[in-house]
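Structure first, commentary second.
Just so it is clear, the structure is predicted and the values come from calculations on it, not from any experiment. Note that the numbering runs from 1 along the sequence shown for the chain.
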Amino acid sequence: MTLVIRGHRLSRQHQEALSHVERTAGAAAQLVCRRMGVRLHHTEIVVTTSQMTPDLLIEAHRSMFGNQLAIWGLKRMPRSDFGITTINKAGILVVINADRCRSGGELDKTLVHELAHAAQFSRPGGRDTVAGYLRANYRIDRMSGREARDANRRVAGDEREAERLESLAAELPAGASIR
Ligand SMILES: [Zn+2]
């Protein structure tokens with residue numbers, strides 16, 4: 001398992017969030033992968049702000065689908081989420097929003113939730129499923145009504161699984177909390 005952690009355009013007030021993620025991400029990934037029985041693909045965790053989140057996502061998707069990727073996609077990118085997980089050319093990208101995660105507890109829960117998505121995308125065929133979904137979202141390919149319904153059902157199932165696993169955050173070392 002390769003886990004790379006970095007901050008992106010963080011102000012000083014957010015440095016603590018980055019340090020917290022650096023301390024707990026490895027343990028969180030281990031807990032999640034053991035529970036799900038999955039080996040994580042190469043995963044990069046980037047701690048950033050609401051404002052920078054869309055840029056990171058578009059950069060990840062451009063690494064997969066090319067520079068001509070429609071910019072309108074940017075406007076549709078979520079800004080307010082605690083975190084979001086997607087794929088890029090190198091593997092998987094987890095974005096943690098330091099503006100939204102205001103405590104160590106929220107950071108831990110978000111890390112576990114997003115790493116659960118990373119593990120889902122690391123399952124056999126998981127990456128192809130996400131790529132197909134993105135290609136449809138960006139209008140690179142069309143999905144039939146049935147394919148779209150299947151994809152939506154899978155996304156909803158993944159979301160429920162990630163929410164269930166959030167309770168694992170309680171098993172992370174308590175000393176790691178920042179507040
Ligand atoms: Zn989720």
Side-chain angles (χ1 to χ4, degrees), residues 1-5 17-50 53-54 56-57 60-61 76-88 90-134 136-137 143 146-179:
M1 175 178 82
T2 11
L3 206 56
V4 179
I5 301 158
L18 175 60
S19 308
H20 183 91
V21 169
E22 284 170 344
R23 282 195 300 272
T24 56
Q30 243 172 16
L31 278 172
V32 167
C33 288
R34 201 178 304 143
R35 176 68 64 90
M36 293 172 70
V38 172
R39 256 182 70 116
L40 212 57
H41 286 175
H42 174 85
T43 298
E44 184 179 29
I45 300 177
V46 183
V47 180
T48 193
T49 59
S50 299
T53 299
L56 287 169
L57 295 177
H61 297 161
R76 294 154 49 95
M77 293 290 179
R79 282 175 179 271
S80 57
D81 292 67
F82 289 89
I84 186 161
T85 300
T86 191
I87 53 175
N88 59 18
I92 294 165
L93 172 71
V94 172
V95 180
I96 302 290
N97 184 350
D99 287 327
R100 280 303 300 275
C101 301
R102 311 293 291 245
S103 66
E106 279 181 356
L107 280 167
D108 286 346
K109 217 163 100 174
T110 303
L111 263 177
V112 167
H113 182 106
E114 298 307 326
L115 286 166
H117 286 314
Q120 288 160 350
F121 300 169
S122 301
R123 283 172 173 153
R127 190 180 165 79
D128 292 341
T129 302
V130 183
Y133 199 66
L134 288 172
N137 272 351
M143 265 188 182
R146 188 199 177 139
E147 284 169 333
R149 277 193 300 280
D150 283 352
N152 286 335
R153 201 174 310 128
R154 219 158 23 221
V155 168
D158 280 356
E159 193 52 32
R160 283 195 300 275
E161 183 181 38
E163 280 170 13
R164 273 200 311 274
L165 289 166
E166 282 177 11
S167 59
L168 285 175
E171 295 177 33
L172 287 169
S177 279
I178 50 175
R179 272 175 214 127

Original post:
Could you state the interatomic distance from CD1 (Ile87) to NE2 (His61), rounded to the nearest 0.5 Å?
Top reply: 7.0 Å
Subject >> Separation of Asn88 CG from Glu44 CD (nearest 0.5 Å) >> reply: 6.5 Å
Original post:
Which heavy atom in Ser122 sits nearest to a heavy atom in Ala118, and how many Å separate them?
Top reply: OG-O, 2.8 Å
Original post:
Is a donor on one side and an acceptor on the other found under 3.5 Å between the side chain of Glu166 and the backbone of Lys109?
Top reply: no
**OP:** List the steps and the verdict of side-chain contact (heavy atoms from CB on, under 4.5 Å) for Leu31 and Val112.
**Re:** CA-CA 8 Å; Leu31 278 172; Val112 167; 5.6 Å; no
Subject >> Smallest separation among heavy atoms of Cys101 and Leu107, with atom names >> reply: CB-CD2, 3.5 Å
Original post:
Should we count CZ of Arg127 as having more than 12 external heavy atoms under 6.0 Å?
Top reply: yes
Subject >> Donor-acceptor under 3.5 Å (Thr43 side chain, His41 main chain) >> reply: yes
**OP:** Dump the intermediate steps for side-chain contact (heavy atoms from CB on, under 4.5 Å) on Leu165 and Met36, then the final yes or no.
**Re:** CA-CA 9 Å; Leu165 289 166; Met36 293 172 70; 3.5 Å; yes
Original post:
Considering only heavy atoms from C-beta outward, does the side chain of Leu18 approach that of Ile5 to under 4.5 Å?
Top reply: yes
**OP:** Could you walk me through whether Val4 and His42 pass the side-chain contact (heavy atoms from CB on, under 4.5 Å) test, one step at a time?
**Re:** CA-CA 8 Å; Val4 179; His42 174 85; 3.7 Å; yes
Subject >> Distance, nearest 0.5 Å, that separates CZ of Arg35 from CZ of Arg164 >> reply: 10.0 Å
Original post:
Any idea which heavy atoms bring Tyr133 and Asn152 closest together, and the distance?
Top reply: OH-OD1, 3.0 Å
Subject >> Any donor-acceptor pair under 3.5 Å from Glu106 side chain to Arg102 backbone >> reply: yes
Original post:
Which heavy atom in Ala25 sits nearest to a heavy atom in Leu115, and how many Å separate them?
Top reply: O-CD1, 3.9 Å
**OP:** Could you pull out the closest heavy-atom pair between His117 and Asp158, with the gap in Å?
**Re:** CE1-O, 3.8 Å
Original post:
Closest approach of Ile96 and Glu114, non-hydrogen atoms and distance?
Top reply: CD1-CG, 4.4 Å
Original post:
Leu111 and Ile45: side-chain contact (heavy atoms from CB on, under 4.5 Å), yes or no, with the steps?
Top reply: CA-CA 9 Å; Leu111 263 177; Ile45 300 177; 4.0 Å; yes
**OP:** Give, for atom CZ of Arg34 and atom CD of Glu171, the distance between the pair rounded to the nearest 0.5 Å.
**Re:** 9.0 Å
Subject >> Reported CG-to-CG distance for the pair Leu172 and Asp108, which is rounded to 0.5 angstrom >> reply: 5.0 Å
Original post:
Within the distance-only criterion (no hydrogens, no angle test), does the side chain of Asn97 pair as donor or acceptor with the backbone N or O of Ser50 below 3.5 angstrom?
Top reply: yes
**OP:** Check Glu161, Glu159, Glu163 against His113 for a side-chain hydrogen bond (donor to acceptor under 3.5 Å, both in side chains) and give me the one that passes.
**Re:** Glu159
Original post:
At what distance, to the nearest 0.5 angstrom, does CZ of Arg39 lie from CZ of Arg123?
Top reply: 16.0 Å
Original post:
Is the backbone of Thr53 close enough, under 3.5 Å, to the side chain of Thr48 for a donor and an acceptor to pair up by distance?
Top reply: no
